[in-house]
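Predicted model, so just to flag it, every value in this text is computed and none were measured.
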Amino acid sequence: MQETIQSTIDFVAHFRAEAQKVIVGQKEVIDQCLLALLCGGHALLEGVPGIAKTLISKTCARLLTLSFHRVQCTSDLMPADILGVNILNLSTNTFVLRRGPVFTDILLADEINRMPPRTQAALLEAMEERQATLDGVRHPLSSFFTVFATQNPIEFEGTYPLPEAQLDRFLLKIKVPYPAAEEEARLLANTHQGFDAHEFDQMELAAVDSSLLGRARAEVRAVKVEPALFGYITQIVRRSRDWPSVSLGASPRAAIALLQVGKASAAMNDRDYLLPDDVKQVAHPLLRHRLVLKAEADLEGVTADQVIDDIVGSVE
């Protein structure tokens with residue numbers, strides 16, 4: 001059985017081993033980033049300042065032999081700063097495209113909720129269709145194009161909430177928690193022994209061949225799914241739309257994503273077939289940003305993760 005997902009097993013093992021040289025703990029966060037990479041989706045990392053959200057994103061890019069660009073999002077960022085612009089070449093009297101940072105394999109959008117709405121909208125086409133339209137001309141992006149975005153959940157001054165259309169294009173919303181006490185102590189010991197995140201580019205990390213990622217993605221797509229599981233996933237998504245505390249439930253895009261990420265989770269667990277447990281395992285990061293709770297539920301302190309637990313628990 002493992003032969004059918006051997007590339008996935010090799011990719012995951014290599015990635016985990018090298019990431020642990022840089023990131024102390026955060027194993028669940030790293031695994032969820034792996035899920036996004038295996039499914040060819042985008043990830044939104046949310047957490048308070050100083051818990052390595054940006055470092056995790058940079059590590060993911062560094063471990064892949066792919067091109068990488070970073071955008072530090074600010075309130076005055078324009079769509080052209082993301083996509084690029086056509087410049088008139090006076091010597092030839094023709095327009096030449098000066099490509100923006102979106103023309104890359106891995107794009108880190110740091111503090112994405114600091115971008116104004118029209119600049120956020122510039123990423124919609126790129127994230128969904130892997131292309132960018134400039135002056136009516138469509139420009140294809142890399143097949144590996146992936147957005148890792150970070151945001152701070154507690155700081156609202158000078159930020160713009162991400163609209164539902166933008167959130168729905170993120171495959172996963174990954175919550176980055178504080179490290180455990182022993183992990184934080186190990187972080188201090190590593191720093192005392194000379195580790196410096198500011199010298200990240202000088203660290204010796206064994207990169208993962210991008211062709212291995214391509215083979216792993218093909219194996220994930222080939223994971224077997226029993227027809228009954230289509231109904232199981234459908235019930236979870238449809239119940240989210242009718243749940244009493246939810247005003248906007250998950251879309252059909254979410255149902256497709258739940259299937260894809262569930263298959264990736266199965267492969268990461270050394271299986272070439274999908275189980276309901278795989279779907280349950282990925283339900284929180286996949287659905288938490290796609291559910292809009294009613295105002296009264298917010299006032300009562302109900303969280304999206306609690307609602308997801310209730311919905312999944314109600315489906316046989």
Side-chain angles (χ1 to χ4, degrees), residues 5-23 26 29-45 52-73 81-84 97-112 122-132 138-150 169-172 174 176 197 199-221 257 260-261 263-264 267-268:
I5 53 169
Q6 192 58 52
S7 293
T8 306
I9 294 171
D10 293 343
F11 174 75
V12 170
H14 187 142
F15 196 99
R16 283 172 173 165
E18 294 300 311
Q20 287 171 8
K21 295 179 181 178
V22 181
I23 309 298
Q26 304 291 10
V29 173
I30 291 171
D31 280 355
Q32 290 177 10
C33 289
L34 275 167
L35 286 171
L37 289 170
L38 287 170
C39 295
H42 313 288
L44 175 63
L45 284 77
K53 299 187 301 296
T54 302
L55 185 60
I56 290 169
S57 305
K58 289 169 66 177
T59 301
C60 291
R62 174 75 182 279
L63 289 178
L64 300 168
T65 52
L66 299 171
S67 61
F68 169 69
H69 283 148
R70 172 178 174 169
V71 175
Q72 189 61 53
C73 302
D81 297 324
I82 301 288
L83 302 178
L97 175 62
R98 179 175 293 174
R99 293 171 179 258
V102 76
F103 289 92
T104 186
D105 293 313
I106 306 291
L107 176 67
L108 169 58
D110 202 17
E111 298 288 343
I112 189 172
L123 281 174
L124 293 178
E125 179 185 16
M127 292 175 69
E128 180 62 22
E129 302 177 42
R130 284 184 168 80
Q131 67 177 28
R138 288 179 297 188
H139 301 273
L141 302 179
S142 164
S143 60
F144 286 108
F145 176 70
T146 303
V147 175
F148 282 98
T150 69
R169 280 163 168 77
F170 283 104
L171 183 70
L172 302 174
I174 303 170
V176 187
E199 298 178 358
F200 178 76
D201 292 336
Q202 281 72 49
M203 294 179 189
E204 295 183 2
L205 297 177
V208 184
D209 189 346
S210 59
S211 64
L212 182 62
L213 174 57
R215 294 196 298 273
R217 286 181 175 181
E219 290 176 353
V220 167
R221 289 192 293 270
Q260 292 173 333
V261 181
K263 289 163 68 175
M268 285 179 62

I56 versus C33, closest heavy-atom pair with distance: CG2-SG, 3.9 Å
Minimal non-hydrogen separation, L141 against V102, with atom names: CD2-O, 3.8 Å
Partners passing salt bridge (Lys or Arg N to Asp or Glu O under 4.0 Å) against E129 (at least two apart in sequence or in another chain): none
P140: side-chain contact (heavy atoms from CB on, under 4.5 Å) partners, not counting sequence neighbours: none
Non-neighbouring partners of F15 that pass ring-ring contact (aromatic ring centres under 6.0 Å, His included), sequence neighbours left out: F11
Set of residues satisfying salt bridge (Lys or Arg N to Asp or Glu O under 4.0 Å) with respect to E18, sequence neighbours excluded: K21
Residues in side chain to side chain donor-acceptor pair (under 3.5 Å) contact with T59, at least two apart in sequence or another chain: none
T150 vs L108 side-chain heavy atoms within contact, under 4.5 Å: yes
Side chain to side chain donor-acceptor pair (under 3.5 Å) against Q26, all qualifying residues, sequence neighbours excluded: none
Exam field: side chain E219 to backbone T8, donor-acceptor pair closer than 3.5 Å: yes
Candidate pair V71 and I82, rule side chain to side chain contact (heavy atoms under 4.5 Å, CB included), full reasoning: CA-CA 8 Å; V71 175; I82 301 288; 3.8 Å; yes
Inter-residue atom distance Q32.CD - I174.CD1, 0.5 Å rounding: 5.0 Å
Test side-chain contact (heavy atoms from CB on, under 4.5 Å) applied to D31 - qualifying residues, sequence neighbours left out: R16, L34, M268
Any side-chain heavy-atom pair of K53 and S57 under 4.5 Å: no
Distance-only side-chain donor-acceptor flag, Q72 / E111, under 3.5 Å: no
I23 and V29, any side-chain heavy atoms less than 4.5 Å apart: no
Side chain to side chain donor-acceptor pair (under 3.5 Å) against S67, all qualifying residues, sequence neighbours excluded: T104, D105
Side chain to side chain donor-acceptor pair (under 3.5 Å) against T146, all qualifying residues, sequence neighbours excluded: none
Counterpart residues, side-chain contact (heavy atoms from CB on, under 4.5 Å), relative to K263 (two or more places apart): V220, V223, V225, L259
CG on L107 to OG on S142, rounded to 0.5 Å: 11.5 Å
Contact summary for S143 and R130, nearest pair of heavy atoms: O-NE, 3.7 Å
Non-hydrogen side-chain atoms of T54 and R70 separated by less than 4.5 Å: yes
side-chain contact (heavy atoms from CB on, under 4.5 Å) partners of R221, counting only residues at least two apart: R217, A218
From CA spacing to verdict: side chain to side chain contact (heavy atoms under 4.5 Å, CB included), K58, F68: CA-CA 9 Å; K58 289 169 66 177; F68 169 69; 4.2 Å; yes
Close side-chain approach of F170 and L45, heavy atoms under 4.5 Å: no
Contact check, side chains of L171 and C39, non-hydrogen atoms, under 4.5 Å: yes
For F145, ring-ring contact (aromatic ring centres under 6.0 Å, His included) partners two or more places apart: H42
